[in-house]
**Q** 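Take a look at this one; I'll ask things after.
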Amino acid sequence: MRVQFHSQVSRPSISRFAGLLAFGLLYASGVMGQSAHKIDSLVALIKIQKADTIQLRLYSALCDVCDIKDNLKYAEPLVKLADSLLSVNNYKSARKSILEQKANAFSCIVEYYQKYEGGGTPKALIYHEKMLLIYKEINDSKDFAKTIYDIGFDYARQGNVMKQLEYYQQNIELLSKMNYKKGMQLLLSQVASIYMDYGDTTQAVEKMQMSLSVANELKDTSLIGNNLINIGILYSRIHDTANALDYFKKAIILFEKKNNEKGVGIAYFYIGQLYFQQKNFAKALEYFQKYLPIVKGHNNYMTSRALRAICQVYENQANYNEAIRYCNDALNSIKNGDYDIETSRGLSQLGLIYWDKKQYKTAKEYMQQSLSLAIKSGELASIMLDEKSCAQLDSILGDYKSAYAHYQQYVIYSEKLNKDGIHKALAKENLRNDYEKKKAIDKAEQEKKEVIVQEEKQRQKTITYFTIAGLMLVLLFATFISKAYVQKRKANFLLEDKNKIIEEKNKDITSSITYAKRIQHARLPKRNEITSALPQSFILFKPKDIVSGDFYFFHTNGNSVLIAAADCTGHGVPGAFMSIIGSEKLSLAVEQSTDTSHILNYLNKELKNSLHQSEDKESTRDGMDIAICSIDMKSHIVRYAGANRPFWLIRKGKSEIEEIKATKKAIGGFTEDDQHFDSHEIELEQGDTFYIFSDGYADTFGGPNQKKLTTKNFKQLLIAIQDKTMPQQEQCLDDHIEKWKAGVEQVDDILVIGVRI
């Protein structure tokens, strides 16, 4: 807090000869340093000085050189001495000097509370407000603006964003009056970032455009370019690709004119990220590779980021060899630097690549190394993700004890990240509300006393009994209304507090489920891999909730392609847990056998073992229905097996569905461990189409009478769209079910897979 907005507060000269001599000796001996010996020298000088103005300067000097833990020790007597001098000194110039010293003391007190009682302590806020009064009195606009900014930051630390924005807006207006444009530009950018973080895109873009306008007035190319990139980032976050690209390209043109290679490179990087989000991997790779030579050899950290970005593109294209090469290059670029967290992210990325390659042991080794470095760096988000990955890999490798241990750590870090910040902010907000309530109650009581006094005076003036009686009735009625008002207000405060807690908990739960969706989707096969093997196919996947109990599965083995549609017990979070377990067990099953019957037999046993299912009444009965098909791509023979889910076939040129029924048993639950699931072999011709699906589509409520669509209508719809391509069929099915629902809530997850030979 000792550093002022532009420069240190100027201090007037000492008028007394003794003061000049003392300070002359002090500077000559180098006492203004920070050693204990020099602090002792200042303390000794205070003891021998009789002049209060000299003592004031010495205490101020002590505040400037002492350790923060001793700030109160010297600042408090400085404030007391300043107040004593102000009470007897009315000279304008002397008063300004004393007030400056007092403001410096308050600054030191704030610094102490921010370090030892948390940055958002109400005590820091109180002393900042006192500093404002001083700077207003001495007409110090720059320090006044700086303090307003600091108060806004105090409120930010307490989680009171609206108050923070209120003070920042005051600061912007003050800086405008001072014509301090650079400060305005930086603060407008910060306000835009706050609005964006809290989802107010309109305000965010408006403030950033204002920041750009000020930067243009300053004619500062660097500031203009940075603003253009920031606006591009804002538009990219709301998926307005056209505007985002426009601003990024404007920044490139500007930076190229000024030969600012670094600025051009930053724009390239964000354009690459934009294309990557759109899954336009070719364009993303083009811009990442433009960015790489700009930072390579100049900035090891940014070089690593560029190489990892290229790695991620190749990973999404399933070009694992190139992905591994670039990831290793990224790690080598920061090998000899202190980049623990960046190294951790690179190792984690390598682990995920080997995971995609199904080299689970190698993936676990890299993920474990990543976790160790993340723990060393203290990066909570990275630790949480690595613990989750290690748990999943251990589960795949059959090390359930280690998987459970990692999963426990994942839950701990997840809760810490998602809840601690919210709870602290809520606690601070409650404290602030309590303070405001107390002030309101005190004010109400004072107003009530004043009303009583006035009424008493009125009664003294009244000479008739009926007038007194009437005034008493009015008083009683006013008291009744006041009590009712206070009770109602108190009830409203309590209700608001409860609503805030419920709202925060709902946000927390939704955030956790949304994150779970990312995990679940990461487990699903990549659509481009499926369409590469089965060009004429579609997957219509519409979860009821954020996460799904339905899932689809895909696996290739030489000329054989295996695809499955599964429907787990329940939907939402319970169903999602079952789907993750089912997906992992199915991955293990296809490694054991290529026979669809054997796969379901193995899946049934493994699912029951994983959930510890038995004849015990307390045992869970959760399971899944599934249809699984193995397609020989040369002979066009399909081998199908099903647990409660059928196989539908429509021959080319035909208008009827051939149905092969499933074994009437579920996977897991009450099903016996040795249950056999029938396998069927079907010869297909070119142009034949088959479908496997969950029961969600047929069970969807809607239509004019809000009834189920039914299996019969589902069949008729499939027959009616046979003249269309598979992507067109998917769109028709999607459009039909949305029109059928017409606002009625979806009751189950929907999964339909169609394949044409």
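Values below: every heavy atom of this structure, side chains too, minus hydrogens, waters and symmetry copies. This one's a predicted model, so the numbers in the text were calculated from it and none came from an experiment.
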**Q** Parallel, tilted or perpendicular for His736 and Trp740, by the 30°/60° rule?
**A** parallel
**Q** Quick one, Glu342 and Arg305 - any side-chain contact, counting heavy atoms below 4.5 Å?
**A** yes
**Q** Measure from the ring center of Tyr287 to the ring center of Phe269 and say whether it is less than 6.0 Å.
**A** no
**Q** Quick one: list whatever passes salt bridge (Lys or Arg N to Asp or Glu O under 4.0 Å) with Asp625, sequence neighbours left out.
**A** none
**Q** Calculate, to the nearest 0.5 Å, the distance between atoms CG and CD belonging to Asp356 and Glu315 respectively.
**A** 5.0 Å
**Q** Can you pull the salt bridge (Lys or Arg N to Asp or Glu O under 4.0 Å) pairs that have at least one residue in residues 275-287, sequence neighbours excluded?
**A** Lys283-Glu286, Glu286-Lys290
**Q** Looking only at atom types and distance, does a side-chain atom of Ser597 sit under 3.5 Å from a main-chain N or O of Phe677, one as donor and one as acceptor?
**A** yes
**Q** If you measure from CG on Asp735 to CD on Gln731, what distance do you get to the nearest 0.5 Å?
**A** 4.5 Å
**Q** Would you mind listing every side chain to side chain donor-acceptor pair (under 3.5 Å) that reaches into residues 688-701, with sequence neighbours excluded?
**A** Asp550-Ser694, Arg651-Asp688, Thr689-Arg756, Tyr691-Gln722, Tyr691-Gln729
**Q** Counting only heavy atoms not in Tyr400, do more than 12 fall under 6.0 Å of its OH?
**A** yes
**Q** Does one side chain, of Thr710 or Asn713, offer a donor that lies under 3.5 Å from an acceptor on the other?
**A** yes
**Q** Once ring pair (Phe, Tyr, Trp, His ring centres under 6.0 Å) is applied, what residue pairs with a partner in residues 621-656 remain, sequence neighbours excluded?
**A** Tyr640-Phe647, Tyr640-His680, Phe647-Phe690, Trp648-Phe693, Trp648-Phe714
**Q** Are any of the side-chain heavy atoms of Asn604 and Lys608 separated by less than 4.5 Å?
**A** yes
**Q** Applying the side-chain hydrogen bond (donor to acceptor under 3.5 Å, both in side chains) criterion to Glu387, which one of Gln408, His406, Gln392 satisfies it?
**A** His406
**Q** Would the distance check show the side chain of Gln312 and the main-chain N or O of Phe276 forming a donor-acceptor pair, the cut-off being under 3.5 Å?
**A** no
**Q** List for me each residue that meets salt bridge (Lys or Arg N to Asp or Glu O under 4.0 Å) alongside Asp595, sequence neighbours excluded, and say none if there are none.
**A** none
**Q** How close do Pro535 and Ala533 get, counting heavy atoms only, and between which atoms?
**A** CD-O, 3.5 Å
**Q** With rounding to the nearest 0.5 angstrom, report the CD to NE2 distance, Glu591 to His555.
**A** 7.0 Å
**Q** Assess, by modelled atom type and distance only, whether the side chains of Ser630 and Thr596 contain a donor and an acceptor separated by less than 3.5 Å.
**A** no
**Q** Determine, using ring centers only, whether Tyr407 and Tyr410 are less than 6.0 Å apart.
**A** yes
**Q** Any ring pair (Phe, Tyr, Trp, His ring centres under 6.0 Å) pairs touching residues 527-546, not counting sequence neighbours?
**A** Phe541-Tyr552
**Q** Measure the NZ-CD1 distance between Lys652 and Ile650 for me, rounded to the nearest 0.5 Å.
**A** 14.5 Å
**Q** Say you draw a straight line from CD of Glu584 to CD1 of Ile581; how long is it, rounded to the nearest 0.5 Å?
**A** 7.5 Å
**Q** Can you tell me how far NZ of Lys376 sits from CG of Leu371, rounded to the nearest 0.5 angstrom?
**A** 14.0 Å
**Q** Decide side-chain contact (heavy atoms from CB on, under 4.5 Å) for Met624 and Phe551; before the verdict, give the C-alpha distance in whole Å, the side-chain angles of both, and the deciding distance to 0.1 Å.
**A** CA-CA 10 Å; Met624 72 170 77; Phe551 72 93; 4.2 Å; yes
**Q** What residue pairs, at least two apart or across chains, pass salt bridge (Lys or Arg N to Asp or Glu O under 4.0 Å) with a residue in residues 715-731?
**A** Glu659-Lys715
**Q** Shortest non-hydrogen contact from Leu586 to Ala564?
**A** CD2-CB, 4.4 Å
**Q** Please tabulate, for side-chain N and O atoms in residues 662-671, each donor-acceptor pair with protein atoms closer than 3.5 Å (sequence neighbours left out).
**A**
residue: Thr663; atom: OG1; partner: Asp678; partner atom: N; Å: 3.1
residue: Thr671; atom: OG1; partner: Ala666; partner atom: O; Å: 2.5
residue: Thr671; atom: OG1; partner: Gly668; partner atom: O; Å: 3.1

**Q** Please report the shortest heavy-atom distance between Ser679 and Arg639, naming the atom on each side.
**A** OG-CB, 4.5 Å
**Q** Do Ile353 and Cys311 touch side chain to side chain, with heavy atoms closer than 4.5 Å?
**A** yes
**Q** Can you find a heavy atom in the side chain of Ile599 that is under 4.5 Å from one in the side chain of Leu562?
**A** yes
**Q** Listed by chain and number, what are the side-chain contact (heavy atoms from CB on, under 4.5 Å) partners of Phe701, not counting sequence neighbours?
**A** Lys708, Val744, Val747
**Q** So, do Asp329 and Ile310 sit near enough that their side-chain heavy atoms are less than 4.5 Å apart?
**A** no
**Q** Kindly write out the residues that satisfy side-chain contact (heavy atoms from CB on, under 4.5 Å) with Glu322, not counting sequence neighbours, or none if the list is empty.
**A** Tyr314, Asn319, Arg325, Tyr326
**Q** Using the rule side chain to side chain contact (heavy atoms under 4.5 Å, CB included), only one of Ile341, Leu385, Asp386, Leu373 pairs with Glu379; which is it?
**A** Ile341
**Q** Looking only at non-hydrogen atoms, find the nearest pair between Cys732 and Ile721 and report the distance.
**A** CB-CG2, 4.2 Å
**Q** Does any non-hydrogen side-chain atom of Glu681 lie less than 4.5 Å from one of Ile637?
**A** yes
**Q** With sequence neighbours left out, write down each residue that passes side-chain contact (heavy atoms from CB on, under 4.5 Å) with Thr362, or none if nothing qualifies.
**A** Tyr354, Gln359, Tyr366
**Q** Hey, are the side chains of Met367 and Ser348 touching, using non-hydrogen atoms and a 4.5 Å cut-off?
**A** yes
**Q** Counting only N and O atoms by type, is there a donor-acceptor contact under 3.5 Å from the side chain of Ser344 to the main-chain atoms of Asp340?
**A** no
**Q** Is there side-chain contact between Gln369 and Leu350, with heavy atoms separated by less than 4.5 Å?
**A** no
**Q** Set out, in order, the CA-CA distance, both residues' side-chain angles and the distance that settles side-chain contact (heavy atoms from CB on, under 4.5 Å) for Ile737 and Asp734, then state yes or no.
**A** CA-CA 5 Å; Ile737 204 66; Asp734 195 10; 4.2 Å; yes
**Q** Provide the closest heavy-atom pair for Ser579 versus Gly549 in the form atom of the first, atom of the second, distance.
**A** CB-O, 4.0 Å
**Q** Passes side-chain contact (heavy atoms from CB on, under 4.5 Å), Val755 versus Ile753? Steps please.
**A** CA-CA 7 Å; Val755 179; Ile753 299 176; 4.3 Å; yes
**Q** Show, in sequence, the C-alpha distance, side-chain angles and deciding distance for Ile757 and Glu685, and conclude whether the side-chain contact (heavy atoms from CB on, under 4.5 Å) test is met.
**A** CA-CA 7 Å; Ile757 301 300; Glu685 299 293 335; over 6 Å; no
**Q** For residues 390-409, which residue pairs pass the salt bridge (Lys or Arg N to Asp or Glu O under 4.0 Å) check, not counting sequence neighbours?
**A** Lys364-Asp394
**Q** Short question: side chain of Thr569, backbone of Gly623 - any donor-acceptor pair under 3.5 Å?
**A** yes
**Q** For a quick test of reading the model, state the closest non-hydrogen atom pair linking Ile539 to Ile530 and the distance between them.
**A** CD1-CD1, 3.4 Å
**Q** Are the side chain of Asp632 and the backbone N or O of Lys634 linked by a donor-acceptor pair below 3.5 Å?
**A** yes
